[in-house]
Amino acid sequence: MNNVVAPVPHGVTDPMVSHPVLIRRIIWENDDTFTLTLDMGDWAGPFRFKPGQFNMVYVFGVGEAAISISSDPHKTNLLDHTIHRVGTVTTALAQKKRGDVIGLRGPYGSSWPIDAATGKDVCIVSGGIGLAPLRPVVYSLARQRDLYKRIIVLYGGRSPLDLLYRVELEKWANENGIETLVTVDRGDTSWKGHIGVVTGLFNYIKLDARETVVFVCGPEIMMRYTVDELGRRGVPPDQVFLSMERNMKCAVGFCGHCQFGPTFICKEGPVYPLPKIRPLMERKEL
Ligand SMILES: Cc1cc2nc3c(=O)[nH]c(=O)nc-3n(C[C@H](O)[C@H](O)[C@H](O)COP(=O)(O)OP(=O)(O)OC[C@H]3O[C@@H](n4cnc5c(N)ncnc54)[C@H](O)[C@@H]3O)c2cc1C
């Protein structure tokens, strides 16, 4: 099956050129979200990415979408992308089968500054599919567990069945010494965990505000409430980082589709320090 993946032509450096990659596995996380594991073939060697970066995923003849890489940065032979089916490209991706070939270019964008968390507590706050770009952070932190003090994952979903990576969430808590707290908007008869918004989970952990670096990704409304809560708890703004999303086309700073105030999310983002974007977050419809 490996032979299906075309070798990357040597010397191809054009950031607009898509490489063919093979779909090795498809896992449906919930009714409308799935994780594609892509076989990088010959591209696995030169390909490097940092947690928080994204690729442009191309369905031939349909179009491209920006999708965060959701797998372990140390394993580039197989790359995960967790995708929410919302429109043209993501619906076409949802119809793909194991063994199909799609196009990929990247990686693009800024990354979560994991080094800034060395010797400190790390708190990851995520909602819905926002856990996808943070999953590579968890893998990286767990790999060098001794470099950090507490590692806390706060995660919120709409319902128990909507939660991503359910098996892994338990593993993180049980095997990796990661404080993992999960909440849902609506429980079901089997749900024994927290109910309510993700910011409610701050009531169950005691943050050492000055010693904690926080990474946040989720719906914008959730990120705004999280930023307010962190402010109330005394976390310095320069220790808070957020990943932003806007409609994206070229991913290399030419087209301007992903403009966010004076910045382009594809170049300066998607991960920003809070002080850089706080004024922008307060302006509606930007
Ligand atoms: C840096 C970055 C990382 C991303 N990572 C992921 C990821 O890991 N998984 C994932 O599922 N999605 C991710 N997205 C979002 C994804 O790129 C969009 O949802 C994309 O437009 C889907 O393409 P489509 O053709 O299926 O939908 P379209 O047909 O383009 O759009 C469907 C609907 O969504 C709206 N829309 C499109 N893009 C966005 C956006 N970025 N924000 C809000 N509304 C939008 C459109 O206006 C339209 O109403 C990311 C976006 C960015 C910028």
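One-based numbering, in listed order, for ligands and for the atoms of each. All residue numbers refer to positions in the sequence shown, counting from 1.
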Original post:
Hey, are Asp228 and Arg278 close enough for a salt bridge, meaning a charged N less than 4.0 Å from a carboxylate O?
Top reply: yes
Subject >> same_hphob_cluster(Val271, Val240) at 4.5 Å side-chain heavy-atom cutoff >> reply: no
Original post:
Is Arg166 salt-bridged to Glu29, going by a charged N under 4.0 Å from an acidic O?
Top reply: no
Show the short N or O contacts, below 3.5 Å, that ligand 1 makes with protein N or O atoms; if there are none, say 'none'.
from     : atom 1 : to     : atom 2 : distance (Å)
ligand 1 : 5 (N)  : Ser68  : N      : 3.1
ligand 1 : 5 (N)  : Ser68  : OG     : 3.0
ligand 1 : 8 (O)  : Ser68  : N      : 3.0
ligand 1 : 8 (O)  : Thr82  : O      : 3.4
ligand 1 : 9 (N)  : Thr82  : O      : 2.9
ligand 1 : 11 (O) : His84  : N      : 2.7
ligand 1 : 14 (N) : Ala66  : O      : 3.1
ligand 1 : 14 (N) : Glu245 : OE2    : 3.4
ligand 1 : 17 (O) : Ala66  : N      : 3.4
ligand 1 : 17 (O) : Ala66  : O      : 2.6
ligand 1 : 25 (O) : Thr88  : N      : 3.4
ligand 1 : 25 (O) : Val89  : N      : 2.8
ligand 1 : 26 (O) : Gly87  : N      : 3.2
ligand 1 : 26 (O) : Gly87  : O      : 3.3
ligand 1 : 26 (O) : Thr88  : N      : 3.4
ligand 1 : 26 (O) : Val89  : N      : 3.3
ligand 1 : 26 (O) : Thr90  : N      : 2.8
ligand 1 : 26 (O) : Thr90  : OG1    : 2.4
ligand 1 : 29 (O) : Thr88  : N      : 3.1
ligand 1 : 29 (O) : Thr88  : OG1    : 3.4
ligand 1 : 41 (N) : Glu245 : OE1    : 3.4
ligand 1 : 41 (N) : Arg246 : O      : 3.4

Original post:
Is Arg233 close enough and on-axis enough to Phe202, meaning under 6.0 Å and within 45°, for cation-pi?
Top reply: no
Original post:
Would Leu207 and Leu230 count as a side chain to side chain contact (heavy atoms under 4.5 Å, CB included) if you check the C-alpha gap in whole Å, the side-chain angles of each, and the deciding distance to 0.1 Å?
Top reply: CA-CA 9 Å; Leu207 278 189; Leu230 292 168; 4.1 Å; yes
Subject >> Flag, side chain of Glu229 to backbone of Thr199, donor-acceptor distance under 3.5 Å >> reply: no
